[in-house]
A.B. asks: 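My questions will all concern the structure given below.
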Amino acid sequence: MKVKLKSYNNLQNYQCDYPENVALMLSVTKALEYAKKQISAIRGTKNFLAYKIVTLEGELLYKLPCN
């Protein structure tokens, strides 16, 4: 199932759902793998990075916040 991966670089945009980047991914598994890899790369820093994975119709499947 194709999904949209929305990325957020600050908490305010994350809460208001204003993504900085939206990517089309071929599967939920690929989207989760990519998001977790990116989050683990910045873990332990003061940077904010969060992702939301939604269906093409806009239904929220996963939220992956990290600060």
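The basis for the numbers below is simple: all heavy atoms, side chains too, and nothing from hydrogens, waters or symmetry mates. What you see is a predicted model, and the numbers here were worked out from it, not measured in a lab.
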A.B. asks: Side-chain donor-acceptor pairs under 3.5 Å in residues 52-61, sequence neighbours left out?
C.D. replies:
from	atom 1	to	atom 2	distance (Å)
Lys52	NZ	Tyr14	O	3.3
Thr55	OG1	Glu57	N	3.4
Thr55	OG1	Gly58	N	3.4
Thr55	OG1	Glu59	N	3.0

A.B. asks: If I take atom CG from residue Leu64 and atom NZ from residue Lys36, how far apart are they, to the nearest 0.5 angstrom?
C.D. replies: 7.0 Å
A.B. asks: With sequence neighbours left out, which residue pairs that include part of residues 22-33 fulfil the side chain to side chain donor-acceptor pair (under 3.5 Å) condition?
C.D. replies: none
A.B. asks: With Gln15, which residues qualify under side chain to side chain donor-acceptor pair (under 3.5 Å), at least two apart?
C.D. replies: none
A.B. asks: Quick one: are Tyr34 and Leu5 in side-chain contact, heavy atoms under 4.5 Å?
C.D. replies: yes
A.B. asks: With a 4.5 Å limit on heavy-atom distance, are the side chains of Val28 and Tyr62 in contact?
C.D. replies: yes
A.B. asks: Heavy atoms, side chains only, cut-off 4.5 Å: are Tyr51 and Leu32 in contact?
C.D. replies: no
A.B. asks: Could you list the residues that satisfy side-chain contact (heavy atoms from CB on, under 4.5 Å) with Asn10, not counting sequence neighbours?
C.D. replies: Gln12, Asn13, Glu20
A.B. asks: Does one hydrophobic cluster hold both Val22 and Met1, with members joined at side-chain heavy-atom distances below 4.5 Å?
C.D. replies: no
A.B. asks: To the nearest 0.5 Å, what is the distance between CG on Leu49 and CG on Asn9?
C.D. replies: 6.5 Å
A.B. asks: Tell me, with the steps shown, if Tyr8 and Asp17 meet side-chain contact (heavy atoms from CB on, under 4.5 Å).
C.D. replies: CA-CA 8 Å; Tyr8 304 88; Asp17 197 27; 2.4 Å; yes
A.B. asks: Which atoms form the tightest heavy-atom contact between Ala50 and Pro65, and what is the distance?
C.D. replies: CB-CA, 3.8 Å
